[in-house]
Each structure stands twice: as C-alpha cells, then as structure tokens.
Peer 1: 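Dropping the structure in here first, questions after.
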2 protein chains.
Amino acid sequence: MSHGDALRDRIIGTYESMPPQLQQAARHILEHPDEVALVSMRELARNAGVQPSTMTRLAKFLGFDGYEDIRAHHARAIRLRVDGFAAQQQRSSDSGEGLAQQMLYSLSAQINRLAEPASIARLEAAAERLAQARRVYVLGLRSCHLVAWHFHYVMRLLGERTEHLDGLAGTIGDGLMRAGAEDVLLAISISPYARHSLELAQLAREKNMGVVAITDSEVSPLIGIADEAILCATESPTFFHTLSPALAVSEVLCGLLANRDRAAALEALQKADQHLQGLNTYSGAIPKRQ
Amino acid sequence: MSHGDALRDRIIGTYESMPPQLQQAARHILEHPDEVALVSMRELARNAGVQPSTMTRLAKFLGFDGYEDIRAHHARAIRLRVDGFAAQQQRSSDSGEGLAQQMLYSLSAQINRLAEPASIARLEAAAERLAQARRVYVLGLRSCHLVAWHFHYVMRLLGERTEHLDGLAGTIGDGLMRAGAEDVLLAISISPYARHSLELAQLAREKNMGVVAITDSEVSPLIGIADEAILCATESPTFFHTLSPALAVSEVLCGLLANRDRAAALEALQKADQHLQGLNTYSGAIPKRQ
DNA sequence: CTCGTATTGCAACAATTGTTTTATAAAGTA
DNA sequence: TACTTTATAAAACAATTGTTGCAATACGAG
C-alpha cells in the first residue's frame with residue numbers, strides 16, 4: 001500500500017509462485033520501473049537476461065492481455081509523476097470518466113502546473129513590470145477578450161491606471177495614441193493569434209512601450225516582442241481551447257498588484273463599494289418588480 | 001532560459017525559420033516533451049497533426065541523424081528527473097509560499113472539486129436543459145461578464161442559437177423582448193449579486209422561460225428561480241473573488257453541448273474557420289507593418 | 001503571368017516490434 | 001524406469017515502426 005501501485009503489488013504478491021524465468025523478468029521490472037516505458041520490450045528483455053517471449057508470458061501470468069498493458073501502466077506512472085499532483089486524484093475508472101470530469105481534472109492540473117517555480121517567477125516579474133508602468137493598456141481580442149476584460153475590470157476597481165483596448169466600433173488601437181515609453185501594453189493572445197493583436201503589440205514595441213504578454217507557447221510570436229511573458233496551457237479534450245488557465249494568470253497578476261500596497265487597495269475598494277452602493281447596483285434577494 | 005535544455009533552446013531558436021509543418025511538429029514537442037519518449041513517432045505525429053515524415057524531417061532540420069536522437073534526448077530528461085527527484089523536493093510544508101502559489105493551488109483545488117459526482121450531475125443536467133432550448137439568452141453583469149461573454153463567443157462559433165444580453169448602452173434586457181417559454185436564460189451571478197441580473201432572471205421566470213444559473217451558493221437568490229443551477233467556488237486569498245471556476249463551468253457546458261453532436265460541431269467550426277481565414281483574422285507571426 | 005524552388009502528402013521500404021507457435025529440455029510422478 | 005507435465009529457447013509471424021524517394025502542390029522572384 002506504500003505506493004498505491006496495484007500492478008507493483010500484484011507482481012510482488014505472485015512473485016513466489018512464478019517460474020524462475022518469470023521471476024527474473026519480474027524482478028527487473030520492479031527494479032527498473034521507468035525503463036519499461038522508455039525502451040522496447042526486446043531491449044528490456046535483453047537487459048533482464050530473458051527471452052522476449054518471457055515478457056509476454058509474464059504479462060499473461062499477471063492476467064493482462066499482453067505486454068502492452070504493462071508498458072501502458074508504467075507510462076502512466078511517469079506522466080502522473082510529471083503532474084506530480086494528479087496523484088491526489090483517484091482517476092479510478094480511467095477511460096470511463098465522462099467528458100466533464102476529464103475537462104475539470106485537466107484544468108485543475110494545468111492551473112496547478114502554473115504554480116511551478118519557473119512559472120511563479122515569470123508571474124512575479126510580470127507583476128513587477130506592470131506595477132512600474134505609468135499606464136497599462138490591456139489588449140485581448142476574440143477568445144482572449146474575456147481575460148483582458150477581467151484584468152481591466154479588476155484594476156479599475158483599484159484605480160485609473162488601466163485602459164482597455166476593446167476595439168469597439170473599430171477603434172482598436174486608438175487608445176495607444178498617447179502611449180509612450182513609460183507605459184506598458186499587456187497583450188493576451190493564444191494560438192491562433194489574432195493578427196490585430198500582433199500588429200498592436202509590434203506598434204507598442206516601436207513606440208518603446210513595455211510589453212507584457214500572456215500567451216501559450218515558447219514559440220508564440222509575442223515572445224520575441226515581450227519584455228516579460230507568462231505561458232499558460234490551452235489544451236482541452238474538447239474542440240475548443242481552454243482559457244481558464246489564462247484567466248487564472250490574470251487573477252494572480254491582479255492579486256499580486258493589489259498586494260503591493262494593501263492599504264491603498266483596501267481603501268480604493270471601499271470607495272468603489274460606496275460608489276456602487278449609492279447606485280443601488282447590488283441586491284441580496286430578488287427585487288420586487290414595479 | 002535556465003532550463004539547461006540544449007535541444008529545447010535549439011528548437012525555440014530555429015522555430016522562426018522552419019516551414020509551417022515543421023513548426024507545428026516542433027510546437028507539439030515543446031508542449032508535450034514527455035510524450036516524445038512515451039509514444040511512438042507515428043502516434044506523436046498523429047497527435048501533432050502532421051505526417052510521420054515531418055518528424056523525421058524536423059530531426060534532420062535540427063541537425064540530427066534521425067528521430068531517434070530526439071527521442072533519446074527526451075528519454076534522458078525523464079530519467080534525470082527521476083533521479084533528481086530529491087533535489088526538487090521543496091514544496092508545500094514551508095508555509096512561506098508566496099501569494100501567487102497560494103492562489104494557484106487554491107484555484108486548482110476549487111476546480112478539482114467541481115469534478116465531484118454531485119457537481120458533474122448538475123453540469124450535465126444544465127447542459128441538457130440548454131440543449132433543449134430554442135434560444136439561449138446569456139446574462140452576466142459586472143465581474144460575471146467575462147463568463148457570459150465566453151459562453152456566447154464559443155456557442156456562436158457553433159451556431160446562431162445564442163444571444164448575449166450585454167447591456168451595452170443601457171439596452172439590458174431588450175433581447176428578451178421576443179423570448180418565450182421555449183427559450184432559456186443562462187444567468188451568471190455571484191455575490192454581490194447585480195440587481196439587474198436578478199431582475200432579469202425574475203422577468204424570464206414570469207415569461208415562463210427556462211432558467212439555468214451559474215452561481216456561488218445554495219442560498220443565492222438565483223437558486224429559487226432557476227430550473228438548474230451550478231455552484232462554483234469564488235473565494236480567493238486576495239481582495240477579490242475568483243471567476244476561474246465559473247469560467248471552467250462555462251467551458252464544460254460548451255464542451256458538453258458541442259459533444260452532443262460532434263459531427264455538426266466539427267462542421268460548424270470548419271465553416272467558422274473558413275470564414276475567419278477569408279477575413280485574414282489570424283496570423284502566425286508578427287505581420288510586417290505597412 | 002512563368003519559372004524555379006521549397007514544402008508537402010503519399011506510398012513503398014526494410015527493420016524492428018510484440019506475439020505465437022513449435023520443438024526441446026527439465027522436472028515431477030508412478 | 002517410462003511417462004506426463006511444465007518451463008524454456010528458438011524460430012516464424014503479422015503488425016507496426018522510422019525512413020526514404022517521388023509526385024503534387026504552394027510559393028516567391030523575375
């Protein structure tokens with residue numbers, strides 16, 4: 001029960017009742033579990049000092065259809081170790097899980113991966129760069145609009161430093177008219193990259209503005225332009241890309257920025273609250289209809 | 001980059017000068033480094049959406065003899081990671097983790113919790129209700145705007161059944177003018193609940209429309225109104241609420257809806273793709289400025 | 001437009017894969 | 001001892017692998 005590894009336990013449990021050659025093969029697998037997924041069966045057999053057929057026989061002895069099941073098991077172990085955290089979840093009935101479950105597990109893992117040190121460092125560097133800017137122009141087109149909107153909405157609650165290039169009525173980029181070297185463009189774009197986004201980012205660069213990017217790959221066109229870039233996963237078991245990790249990035253950036261001066265943030269939020277309350281914006285229950 | 005990964009840097013460095021197919025292959029390898037050693041080249045190519053020969057060509061482009069060199073490199077990376085496991089052990093325990101890490105761990109857990117059976121059941125019920133509607137009106141104000149926008153954006157790629165009540169220029173609710181009992185309102189609202197959202201939901205109810213809600217609590221005012229409701233966490237270690245779980249819910253709903261008729265979805269997406277391509281919407285690299 | 005080049009998809013290729021079969025050897029039983 | 005059962009090795013097998021050559025296509029320079 002030490003590893004929660006069913007196959008491993010099965011091998012150990014039945015080891016005594018195996019013929020000598022199977023024992024030798026089984027022992028080798030126990031002692032080099034990672035090799036199983038990394039080399040061919042024939043090579044593994046050679047390293048174990050047994051015949052290739054012995055590996056197949058071992059698989060059948062353990063109740064599998066063939067060697068492929070053993071390899072798949074060890075490959076999965078490696079992949080899980082990469083996620084590190086996915087081990088927390090009992091992915092019990094494997095392929096039996098529905099699409100919804102699959103999507104949510106995947107999302108959870110993708111966001112968890114954003115917490116890796118390398119990623120955290122990038123987040124903090126980006127926050128630093130944004131904090132220093134006089135103004136922050138936020139750009140996110142098409143699917144990325146929601147991320148840009150979120151960032152702008154939250155930062156507006158904190159102050160006036162942010163401007164959203166939403167491109168309403170074809171005004172995209174008008175906001176950059178008075179932008180300069182002291183300002184920063186926060187550009188959000190994932191594959192397929194909206195041409196306008198790239199053009200505007202390039203324009204910002206030419207104006208000597210700072211550029212911070214939220215994008216999806218080390219080879220995204222934004223990487224070459226940006227001073228700081230944050231990478232987020234976008235893959236999904238559906239037809240679409242996922243934007244949840246990108247939104248999480250935006251939320252973290254907002255959190256980090258607000259955290260730099262907690263007192264000021266708190267005050268700004270109270271002011272915003274007061275304002276909205278004056279407008280009777282919120283309600284705790286279904287209002288009576290007039 | 002501090003990865004100390006020569007091959008990775010090589011790919012990134014030469015990426016720009018690769019032909020499109022090679023880029024696609026290279027990109028897939030960058031984003032799924034572990035898969036390289038765990039699956040066959042043909043399968044990797046399939047997952048990357050390229051021909052098998054492209055992988056060989058990529059290897060030669062990078063100066064190797066063949067694909068085997070690429071695989072060997074990634075296999076070595078995995079083996080190293082297994083050994084150097086102890087060195088990486090620095091996680092958790094130290095409660096000194098920064099705000100960013102805290103936020104991301106929390107988010108990951110919140111989304112993971114959405115995958116619980118009770119939650120999944122609600123998601124599927126909601127998707128079912130939405131699928132049956134003649135039209136779906138999407139409503140999300142203030143912070144929830146991004147979720148509504150996402151749902152509408154994605155569903156619009158699939159068809160014309162969705163309408164977004166964005167309230168631009170004070171037109172909130174105008175869209176419901178011709179809505180009736182065969183239609184459904186998808187209302188997204190979290191505490192503090194926007195008064196307008198609740199009013200509109202109530203109006204929809206009075207018009208005998210169906211109501212599906214994405215909200216944050218069993219005691220949300222929307223619960224009494226909605227036929228189906230999905231609950232998502234919103235707590236965050238920051239000053240703000242988080243919307244990532246709500247966005248995840250929207251993504252799952254879109255995924256489930258698209259999944260009901262995969263063929264139709266695929267066709268619709270291809271049509272959308274074609275349309276956007278005709279408009280030259282996307283670009284793979286920084287366009288030359290005129 | 002036309003040509004020359006570069007890129008791509010396709011199909012054939014030998015090599016290698018995991019498996020199965022067959023024959024031999026060993027071990028156990030009466 | 002002879003005979004059955006079990007375990008192993010070797011060889012044959014179809015399937016799949018990574019690679020290559022070639023024809024079709026897209027692309028850019030003139």
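Each chain gets a letter, A, B and so on, in the order its sequence line appears, and its residues count up from 1. All values derive from a computational prediction rather than experimental measurement.
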Peer 1: In terms of ring plane angle, is the pair B:His152 and B:His164 parallel, tilted or perpendicular, where the classes change at 30° and 60°?
Peer 2: tilted

Peer 1: Give the ring-plane orientation class for A:His32 versus A:His28, where under 30° counts as parallel, over 60° as perpendicular and anything between as tilted.
Peer 2: tilted

Peer 1: Go through residues 54-61 of chain A and report each residue with a non-hydrogen atom lying under 4.0 Å from DNA chain C, sorted by number.
Peer 2: A:Thr56, A:Arg57, A:Lys60

Peer 1: Calculate, to the nearest 0.5 Å, the distance between atoms CG and NZ belonging to A:Asp69 and A:Lys60 respectively.
Peer 2: 10.5 Å

Peer 1: Grab the CD-P distance between B:Gln51 and D:dT25 for me, whole Å please.
Peer 2: 15 Å

Peer 1: How many angstroms lie between NE2 in A:His196 and CG in A:Leu139, if you round to the nearest 0.5 Å?
Peer 2: 10.5 Å

Peer 1: With the threshold set at 4.0 Å, does a side-chain nitrogen-carboxylate oxygen contact exist between B:Glu31 and A:Arg113?
Peer 2: no

Peer 1: Hey, does the side chain of A:Gln21 come within less than 4.0 Å of D:dA9's phosphate (OP1/OP2), counting only N and O?
Peer 2: yes

Peer 1: Grab the CG-C1' distance between B:Asp65 and D:dG18 for me, whole Å please.
Peer 2: 13 Å

Peer 1: Ion pair present between A:Arg205 and A:Asp227, side-chain N to carboxylate O less than 4.0 angstrom?
Peer 2: yes

Peer 1: Minimum heavy-atom separation for B:Gly255 and A:Met103, please, with both atom names.
Peer 2: CA-SD, 4.3 Å

Peer 1: Do A:Tyr137 and A:Leu186 have side-chain heavy atoms sitting under 4.5 Å apart?
Peer 2: no

Peer 1: Taking the six-membered ring for Trp, are the ring centroids of A:His150 and B:His150 within less than 6.0 Å of each other?
Peer 2: no

Peer 1: Of all the choices, C:dT7, C:dT20, D:dT8, which nucleotide is nearest to the side chain of B:Pro19 once you look at every atom?
Peer 2: C:dT7

Peer 1: If you restrict it to nitrogen or oxygen atoms, what contacts under 3.5 Å exist between nucleotides 12-17 of chain D and the protein, and what is each distance?
Peer 2:
residue: D:dT17; atom: OP1; partner: B:Ser40; partner atom: OG; Å: 3.2

Peer 1: I want to check something: taking the side chain as every heavy atom from C-beta on, are B:Leu44 and B:Tyr67 in contact at a cut-off of under 4.5 Å?
Peer 2: yes

Peer 1: If you measure from the Lys or Arg side-chain nitrogens to the Asp or Glu carboxylate oxygens, is any gap between A:Arg79 and B:Glu35 under 4.0 Å?
Peer 2: yes

Peer 1: Of the residues in residues 24-31 of chain A, which ones touch DNA chain C at a heavy-atom distance under 4.0 Å?
Peer 2: none

Peer 1: Nearest to the side chain of A:Pro52, heavy atoms from C-beta on, is which of C:dC10, D:dA10, C:dT19?
Peer 2: C:dT19

